[in-house]
Amino acid sequence: MKRSKINSLLNSKEVNYSVCVKGWVRSFRNNQFIALNDGSCLATLQVVVGLDLLDEATLKQITNGAAISVEGILVASQGKGQLVEVNAQKIEILGTCDSEAYPLQLKNKPSLEYLREHAHLRFRTNVFGAIFRVRHSLAFAIHKFFNEKGFVYLNTPIITASDAEGAGEMFRVTTLPFEQTPKTDAGEINFEEDFFGRSTNLTVSGQLEAELGAMALGEVYTFGPTFRAENSNTTRHLAEFWMIEPEVAFNTLTDNMDLAEDCIQYLINYVLEHNMDDINFLAQRLEEEEKQKPTQERSEFGLIEKLRLVVDNKFERITYTEAIEILIQSPAYKKKKFKYDVSWGIDMQSEHERYLVEKHFKKPVIVTDYPKDIKAFYMRQNEDGKTVAAMDILAPGIGEIVGGSQREERYDKLKQRMQEMHISEEELYWYLDTRKFGTAPHAGFGLGFERMVLFVTGMGNIRDVIPFPRTPKNASF
RNA sequence: UCCUCCUUAGCUCAGUUGGUUAGAGCACAUGACUGUUAAUCAUGGGGUCUCAGGUUCAAGUCCUGAAGGGGGAGCCA
């Protein structure tokens, strides 16, 4: 018999027909009721085991975590907790699970930290099942969003010879031996003998390559892994993370903001439409977690309220200069609550961004037109000579979720800025070429995928929204 | 990388001013129970108190160091 998925059976309009289900036992009550989960949804299906169906030995093998196959009749449930259930006619143990050795005893509410150390099994918990179904939906919605807008999905290289934008420390890619590394006459490592004949790294961003695509295909986006070898130990950083980077020819900074805002709202709407069971569960989890905190530190809004707020309101748009002004006029500044001083020209600290988003505006904020000296070389210089056409989207609880800009399309200005910031023109000749041959205004941004998942799931640690997190000193699994 | 906190049973945690044999709930095992819903009830096994030093008559408890982890900061997405 063909296997049915549990989510489809739970939503079945009809009953009293034969079904086959397979999954993992979540609990076995009263030697009679199996709660079965197959990952297709949060809920479990109740399988009812008749008195004489199984021999003693098989019955003993129905333990938490065991994989089983069930054939039976889908019927209306006599019990209160569920509408339908399966009266088993045949149960086959596919894989036993030694209860004593199994690390997940779900009734014990194992901590997120404990589950992180058992990341190979944590998918079997309600929380991580929900997170990764939501993560999937977000990934799918990203492709759907850009596809509907006529974008081309462009794959940029993971191994690269360029340092893109100096976005961060890079992981080196090499086949050279660690012992007796070939040296040049000058005593330096001779990369000519390396696999690519030059020094290579894992990419920190596909943006520069995406720009090349945009200057011909018009509208492109990347969605792939990126790597940063920064020794960052926070709840918001990973050494390996996924990034979405749209790049659009002829777009201005305002177009860019519209696209980013549209994109974020689309993604959240998609999840609210398709993953409400999981979101409700995650909202409940967050609420319980919040209850543990002192009243003052609790969030004003629940997860669903927070998501609705983002979907239903326009993002606040202010310039960097206005943001600094708001901070200086703020009660927090006047009461000297900020650890770091505020003045025009500073790179805003987390505490400043949090104040703007969480205290002042209470919704996502887009900050534009940053001082050129704190931003990358490729951002378009404004007429004032002091700022660039940059934009960061700051989200409550996450901080920067999007960073983008209108790119400098003017050859002379770009070249001058590269010289000032000591960026090699030789290495980036191909990037400069786009400004030489039919240059055009264009803009793009980077959206941190895990930060988006973090925001939507209401989780607190980025290590819990990627299946196998890569962080300093940790590359298990 | 810096600051700070934590590490006691399989899990989540108690453990008082240093003082007998280190506790609880859950999990697990055995048995009972056949409409349970975190099932319930009875019984039972389970500890190198993270590691290495030190102080002391005596250390889970105090001191030093290391490792691992949490939170915050910086860097950023």
Is any side-chain N or O of [X] closer than 4.0 Å to OP1 or OP2 of [N]?
{"X": "A:Ser232", "N": "B:C76", "value": "no"}
{"X": "A:Arg29", "N": "B:C33", "value": "no"}
{"X": "A:Asn30", "N": "B:U36", "value": "no"}
{"X": "A:Thr235", "N": "B:G72", "value": "yes"}
{"X": "A:Gln46", "N": "B:U37", "value": "no"}

When all nucleic acid strands are considered with a 4.0 Å heavy-atom cut-off, which category describes [X]: base, sugar-phosphate, or nothing?
{"X": "A:Tyr340", "answer": "sugar-phosphate"}
{"X": "A:Lys339", "answer": "nothing"}
{"X": "A:Ile401", "answer": "sugar-phosphate"}
{"X": "A:Val49", "answer": "nothing"}
{"X": "A:Arg236", "answer": "base"}
{"X": "A:Arg463", "answer": "sugar-phosphate"}

May I ask which nucleotide in the shown strands pairs with B:A29, Watson-Crick or G-U wobble, both distances under 3.5 Å? B:U43
Nucleotide B:A73, atom C1' - distance to CD of A:Glu400 in whole Å: 16 Å
What nucleotide among B:G74, B:G35, B:G69 has an atom nearest to a side-chain atom of A:Arg116? B:G69
Any N or O donor-acceptor pair under 3.5 Å from the base of B:U36 to the side chain of A:Gln82? yes
Are any of the side-chain nitrogens in A:Glu351 or A:Lys339 under 4.0 Å away from the carboxylate oxygens of its partner? no
